[in-house]
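Okay, so here's the structure we're looking at.
Since the model is a prediction, treat every value here as computed from it, not as a measurement. Side chains are part of it too, since the values below use all heavy atoms of this structure and drop only hydrogens, waters and symmetry mates. Position 1 is the first residue of the sequence; numbering continues from there.
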Amino acid sequence: MKLTSEELPKDPFHTSLSQYAAKSQRFSQWRKEKTDHYNHANLVDKALQLLKERIRRGDALAYFLRGQLYFEEGWYEEALQQFEEIKEQDHQATYQLGVMYYDGLGTAEDEKGVEHMKKIVDSPCPKARHLKFAAAYNLGRAYYEGKGVKRSNEEAERLWLFAADNGNPKASVKAQSMLGLYYSTKEPKELEKAFYWHSEACGNGSLESQGALGLMYFYGQGIRQDTDAALHCLQEAAERGNVYAQGNLVEYYYNMKFFTKCAAFSKRIADYDEAHDIPLIAKVTDCLPEFISRGMAMASFYHARCLQLGLGITKDEAAAKHYYSKACRLNPALADELHSLLIRQRI
């Protein structure tokens, strides 16, 4: 399973770049100019000019903010260079270097990513405190994937438990959600622990865990089966953009013979573009791409079945073949599993 990095946590010691820039009298004056200057390129250019001036005056924070602006704009080589220059003075720069080296952003993937995350986790400096939970999550990810360190589920679990901090909403919600996933997939499964951690993460805003809770309620995994609670979780998660929850709702509508609803809902999900939409949805929702593609595959398969049989939609065998193929492309194992059910006339 390919995991994703934790984003840079908010720094309680400093304002954001936009707040920082807004404090500048020159920036405030510029904002009053004609509205045709309010495009993204002009805003970025103006921010860089302001930061350059602040750096000239000796403002240490401006160095990091310039690197962060480069990072957010996807100018990774420039960001890497800026963060490297200040890593000994700024813990946030060290953290971002860890992410960039681990994910290969602006540079080749490198064991330095693990080194930088360990440096944050082990730092006694109070200004690194807000980064420790996120760094521990990322370090756990390295052990789980065996990337830059020897693979160890036990060490990954230890680090994620530290990062999750007993469900603290100010800790790593990503670690809380990952523990829910970890305990539900490891052998032997520990489903009560999985339910606990998904509940904690969901309460702290995790969209991924909200969908997972829906399925656990639906199948009675780690908790008493409760279809009403399951549908509530799945529908709310689906409305918030959880594609895996959407795919499971498609399956539910089909099995309940709500074919018109199934056909219409499944088409919307099946028509996502896998190359463009999966990474975009993953970034916006913070859900794992693997589960997004699985939700799309489920929707594609059931939409194909509706088209093949003319259930809730006009029969169209050519279109059905297209969506069956898309399901196979997105998730061959899931498509094979659903096809087996189809052969046994379970679908």
Side-chain angles (χ1 to χ4, degrees), residues 1-10 95 99 103 117 130-142 144-145 153 156-186 189-219 221-223 226 228-249 269 277-296 298:
M1 185 185 301
K2 178 68 174 175
L3 308 184
T4 54
S5 292
E6 179 108 11
E7 290 185 0
L8 180 75
K10 292 181 181 178
Y95 180 90
V99 170
D103 291 341
M117 290 301 169
H130 72 291
L131 299 168
K132 285 181 178 287
F133 294 131
Y137 164 79
N138 287 333
L139 197 54
R141 173 192 171 199
Y144 183 76
E145 296 177 336
N153 285 351
E157 180 184 3
R158 184 189 71 80
L159 285 159
W160 286 337
L161 285 168
F162 169 79
D165 194 34
N166 294 316
N168 176 5
K170 294 183 179 180
S172 172
V173 177
K174 208 174 181 77
Q176 295 163 10
S177 186
M178 183 49 58
L179 283 167
L181 182 60
Y182 172 72
Y183 287 125
S184 63
T185 55
K186 70 187 287 283
K189 294 180 174 62
E190 297 183 68
L191 294 176
E192 289 186 2
K193 285 185 179 181
F195 182 84
Y196 169 79
W197 282 111
H198 277 313
S199 297
E200 292 297 306
C202 179
N204 292 329
S206 170
L207 180 54
E208 184 108 75
S209 283
Q210 187 174 34
L213 279 179
L215 291 175
M216 296 190 82
Y217 273 119
F218 197 85
Y219 294 107
Q221 296 177 334
I223 190 66
D226 188 334
D228 289 338
L231 290 175
H232 175 77
C233 284
L234 288 173
Q235 287 169 346
E236 192 167 295
E239 288 172 4
R240 293 175 60 203
N242 185 318
V243 178
Y244 189 45
Q246 292 170 0
N248 278 279
L249 279 175
I269 304 156
D277 290 335
I278 290 177
L280 179 62
I281 293 169
K283 184 174 183 179
V284 171
T285 64
D286 207 21
C287 292
L288 290 170
E290 177 179 335
F291 287 96
I292 296 170
S293 63
R294 187 177 176 86
M296 288 171 59
M298 291 178 74

Taking side chain to side chain donor-acceptor pair (under 3.5 Å) as the test, write out the residues that go with D103, two or more places apart. S5, R141

When you compare the side chain of I223 with that of L191, does any pair of heavy atoms fall below 4.5 Å? no

State, yes or no, whether a side-chain contact exists between M178 and W197 at a heavy-atom distance under 4.5 Å. no

Ring-plane angle category for Y182 and Y144, please: parallel below 30°, perpendicular beyond 60°, tilted otherwise. perpendicular

Within-4.5 Å side-chain heavy-atom neighbours: V243 and D277: no

Please lay out, stage by stage, how D286 and E208 fare under the test side chain to side chain contact (heavy atoms under 4.5 Å, CB included). CA-CA 7 Å; D286 207 21; E208 184 108 75; over 6 Å; no

Is a side-chain donor or acceptor of D165 paired with a backbone partner of N168 at a separation under 3.5 angstrom? no

Residues G140 and A156: closest non-hydrogen pair is O-CB, 3.3 Å

Minimum heavy-atom distance G222-F195, with the two atoms named: O-CB, 3.9 Å

Going by distance alone, is a donor N or O of one side chain under 3.5 Å from an acceptor N or O of the other, for N242 and Q210? no

Counting only N and O atoms by type, is there a donor-acceptor contact under 3.5 Å from the side chain of Q221 to the main-chain atoms of L215? no

Shortest non-hydrogen contact between A134 and P9, atoms and distance: CB-CG, 3.6 Å

Looking at F218 and A230, what are the two nearest heavy atoms and their distance? N-CB, 3.4 Å

Test of understanding: with side chain to side chain donor-acceptor pair (under 3.5 Å), list the residues that count as partners of E7, not counting sequence neighbours. none

Student check: side-chain heavy atoms of F291 and L181 closer than 4.5 Å: yes

Exam field: side chain W160 to backbone Y137, donor-acceptor pair closer than 3.5 Å: yes

Once you round to the nearest 0.5 Å, how far does OH of Y244 lie from SG of C287? 12.0 Å

Kindly indicate whether the side chain of T285, heavy atoms from C-beta on, has any atom under 4.5 Å from the side chain of R240. no

Indicate the atoms forming the closest heavy-atom contact of A171 with A164, along with that distance. CB-O, 3.7 Å

Give, for atom CG of N153 and atom NZ of K186, the distance between the pair rounded to the nearest 0.5 Å. 8.5 Å

Rounded to the nearest 0.5 Å, how far apart are CG of L207 and CD of E236? 9.5 Å

Do L213 and S199 have side-chain heavy atoms sitting under 4.5 Å apart? yes

Can a donor-acceptor pair be found, under 3.5 Å and without considering hydrogens, that links the side chain of N138 to the backbone of E6? yes

Measuring from atom OG of S293 to atom CG of L288, what distance do you get when rounded to the nearest 0.5 angstrom? 10.0 Å

Shortest non-hydrogen pair, A282 vs P289, comes out as CB-CG, 4.0 Å

Decide yes or no on side chain to side chain contact (heavy atoms under 4.5 Å, CB included) for V99 and M117, but give the supporting numbers first. CA-CA 8 Å; V99 170; M117 290 301 169; 3.6 Å; yes

Hey, does L249 have a side-chain heavy atom less than 4.5 Å from the side chain of Q235? yes

From CG (L234) to CG (N248), nearest 0.5 Å: 6.0 Å

Within a strict 4.5 Å, meaning less than it, do heavy atoms of the K174 and T4 side chains meet? yes

Would you say the side-chain atoms of Y183 and E157 include a donor-acceptor pair closer than 3.5 Å? yes

Between the CD atom in E200 and the OG atom in S206, the distance rounded to the nearest 0.5 Å is 11.5 Å

